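First comes the structure, then the notes that go with it.
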Amino acid sequence: MGFSPEEAAAAIDRCGVDSSVLELADSIHAAQMAEEPDGTGWGYSRPRFEAAEGSSYCSARKKRRLMEEKRRLKRSCLSQRRGDYVKRSSMDFEDAPMVIPKPMIGFGLPYEKCITRRTLPEAAIGPPYFYYENVALAPKGVWDTISRFLYDIEPEFVDSKHFCAAARKRAYIHNLPLENRFPLLPIPAKTIQEVLPVTKRWWPKWDHRTQLNCLQTCIASAKLTDRIRMALENSSDPPTPRVQEYVLAECRKWNLVWVGHHKLAPLEPDEVEMLLGFPNNHTRGGGISRTDRYKSLGNSFQVDTVAYHLSVLKRMFPNGINLLSLFSGIGGAEVAIQKLGINLNLVVSVEKSKINRNIVRSWWEETRQKGDLIDLDDVQQLNGDRLESLIKRYGGFDLVIGGSPCNNLAGSNRHTRDGLEGQHSSLFYDYFRILDLVKCIMGQSS
DNA sequence: CCTATGATGATTGTGAGA
DNA sequence: TCTCACAATCATCATAGG
């Protein structure tokens, strides 16, 4: 790793990547270098909730204080433009929303010029390492709040379309080092036609899609694909512009692919697994229905993306890691780490859904893991006492990973897009509570 | 009870053009 | 700076049929 600018430029040329990638990397790098002589280099300091508070292990009182702090921050509208990675002087403390950088490549992509260093706020530095994920396109202010709770770390905005053939716009907040990241091999193909070769034969010239939109929890019905088929049958060849427009809109909305003449179909669960980087049949069997497979997969990580970020752990932990995995789902984090060749000595996995826990458990057995897998069904079970005994027994956690529920943040939700205070998405505060407890306990014992 | 299906918009951001 | 058209989006609910 470690490309010179010339090598990076050459690599980008080979890949045919937009030069804006290089420009962005340059601007970020310049901003990183131009650090203030004193202070943290972040150019601002704001009150943050002091979580470590004696041995009073959270819950009611702490949660109340969290809510108070959150409301106060909301009122005071202390916002900071962060997304452009440009440091601001104290004059710029106006209400500026977080900006998502373009292109959405985080700190850089494999085999291209990357940001390799940043200055983390003191409070963010581990142990343990942590990694938090959620949807990038959340309602206004959500990422400002999340970032403020997670020790003022900048989110890393990444679209997984740079890692696989489907878009997945997500933001990740973590305190991992950035140097010497490497991708999982083999590198997946990034076009629909390569990944699903069957579709190539039937793909009409007027459908210019080469990548899929975000894989969600629901798929198109057979009725819809049949209506489209009828519309195409009754049109000319190629179809009239109006029909084309209708068909393409439905294709984009439902991620349909061409599987025959005038024939479109939603992705099969196996294909979704493959696109997200899971092993074949990962969610198959165990009494799970087809609809629930889509649901579990739609809520999951893109494994290659996450693995790229976590790859730095391989050198640091040659003997394996102890993992605390919150909101595990079907085990995207566990699969990513296993694929990186990092031993899992201990996994404490919290997941509400029983079928998801079964999926992780059977994956654990299929991959012949040597370590211990402890699965819990509720984050509330992880109180101070429970964590303390786990940490004493196993010697601490090396990584706390989790993507808290996005239900109340996701744009697809017509009913309860209530933001971070929503019934499910407010579980983010449990992620923070548990992370802060782990930091606290491990800080005391070391 | 379980499963699949169809109906149900709003909130963001962006880019062109006035 | 403003409007306006366009595009994307880890979903929820009631209901029918097994």
Side-chain angles (χ1 to χ4, degrees), chain A residues 20 81 83-84 96-104 132-144 146 157-161 164 166-172 208-209 211-228 245-246 248-256 266-269 272-273 275-278 283 286-303 305-306 327-333 351-356 402-420 422-425 427-428:
Chain A
S20 60
R81 180 186 298 274
D84 54 6
M98 186 164 311
V99 171
I100 297 177
K102 276 175 49 179
M104 209 191 284
Y132 175 80
E133 176 264 5
N134 216 321
V135 291
L137 307 179
K140 276 181 179 170
V142 166
W143 277 106
D144 291 281
I146 293 175
F157 289 96
V158 185
D159 189 340
S160 290
K161 74 177 183 182
C164 67
R168 206 166 187 79
K169 298 177 184 62
R170 297 294 180 269
Y172 307 86
H208 299 117
R209 290 177 302 152
Q211 291 195 301
L212 294 158
N213 280 338
C214 186
L215 306 172
Q216 302 196 158
T217 57
C218 299
I219 62 159
S221 65
K223 285 263 171 54
L224 175 69
T225 53
D226 199 51
R227 273 203 300 275
I228 295 174
E245 199 177 327
Y246 159 70
L248 286 175
E250 296 295 336
C251 282
R252 282 193 291 261
K253 189 193 298 178
W254 292 104
N255 264 332
L256 304 174
L267 296 169
E268 291 296 312
V272 180
E273 279 174 357
L275 284 160
L276 291 177
F278 286 92
T283 59
I288 189 173
S289 73
R290 185 182 162 85
T291 347
D292 279 342
R293 284 182 77 188
Y294 285 116
K295 189 165 184 177
S296 291
L297 285 161
N299 282 300
S300 177
F301 286 167
Q302 206 286 326
V303 171
T305 311
V306 172
F327 318 109
S328 302
I330 56 175
E351 169 57 37
K352 188 181 65 169
S353 155
K354 184 173 172 57
I355 47 181
N356 284 349
S404 63
C406 66
N407 307 24
N408 310 116
L409 309 177
S412 316
N413 190 340
R414 278 116 147 119
H415 296 271
T416 51
R417 199 185 185 192
D418 306 328
L420 207 52
Q423 187 186 359
H424 305 287
S425 293
L427 286 170
F428 159 73

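Residue numbering restarts at 1 for every chain, and letters A, B, ... go by the order of the sequence lines. Keep in mind that this is a model prediction, so the values were computed, not measured. Atoms considered below: every heavy atom in the structure, side chains included; atoms not considered: hydrogens, waters and symmetry mates.
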Open item on the list: Below the 4.0 Å mark, does dC10(C) have OP1 or OP2 next to a side-chain nitrogen or oxygen of R170(A)?
Closed with: yes

Task: First encountered from the 5' end of DNA chain C, between C218(A) and K253(A) - done: K253(A)

Open item on the list: Heavy-atom nearest nucleotide on DNA chain B for A410(A) versus G287(A): which residue maps closer to 5'?
Closed with: G287(A)

Open item on the list: How many whole angstroms separate atom CZ of R293(A) from atom C1' of dC10(C)?
Closed with: 17 Å

Task: Distance test, side-chain N/O of K295(A) to OP1/OP2 of dC10(C), below 4.0 Å - done: no

- [ ] Would you mind telling me which of dG15(B), dT3(B), dC10(C) lies closest to the side-chain atoms of S289(A)?
- [x] dT3(B)

Open item on the list: From C-beta outward on S221(A), which listed nucleotide comes closest to its side chain: dG6(B), dC10(C), dT12(C)?
Closed with: dG6(B)

- [ ] In whole angstrom, give the distance that lies between atom OH of Y132(A) and atom C1' of dC10(C).
- [x] 12 Å

Open item on the list: I want to check one thing: is the phosphate of dT12(C), taken as OP1 and OP2, less than 4.0 Å away from some side-chain N or O of N407(A)?
Closed with: yes

Open item on the list: Taking the P atom in each of dA7(B) and dA8(C), what is the distance between them to the nearest angstrom?
Closed with: 22 Å

- [ ] Return no unless some side-chain N or O of S412(A) is found under 4.0 Å from OP1 or OP2 of dA11(C).
- [x] yes

Open item on the list: Counting the atoms with a prime plus P, OP1 and OP2 as sugar-phosphate, which does A249(A) contact under 4.0 Å by heavy atoms, base, sugar-phosphate, or nothing?
Closed with: nothing

Task: Separation of dG9(B) P from L137(A) CG (nearest whole Å) - done: 22 Å

Open item on the list: Any side-chain N or O of Q216(A) below 4.0 angstrom from OP1/OP2 of dA11(C)?
Closed with: yes

Task: Residue K102(A), side-chain atoms from C-beta onward, closest of dT11(B), dC10(C), dG15(B) - done: dG15(B)

Open item on the list: Looking at S300(A), I'd like to know whether one of its side-chain N or O atoms comes within less than 4.0 Å of OP1 or OP2 on dC10(C).
Closed with: no

Open item on the list: When you measure from the side-chain N and O atoms of R252(A) to the phosphate of dA8(C), is any distance below 4.0 Å, counting only OP1 and OP2?
Closed with: yes

TODO: Respond yes when some side-chain nitrogen or oxygen of K169(A) is under 4.0 Å from OP1 or OP2 of dT9(C), and no when none is.
DONE: yes

- [ ] Could you work out which one of dT12(C), dC10(C), dG6(B) sits closest to the side chain of K223(A)?
- [x] dG6(B)

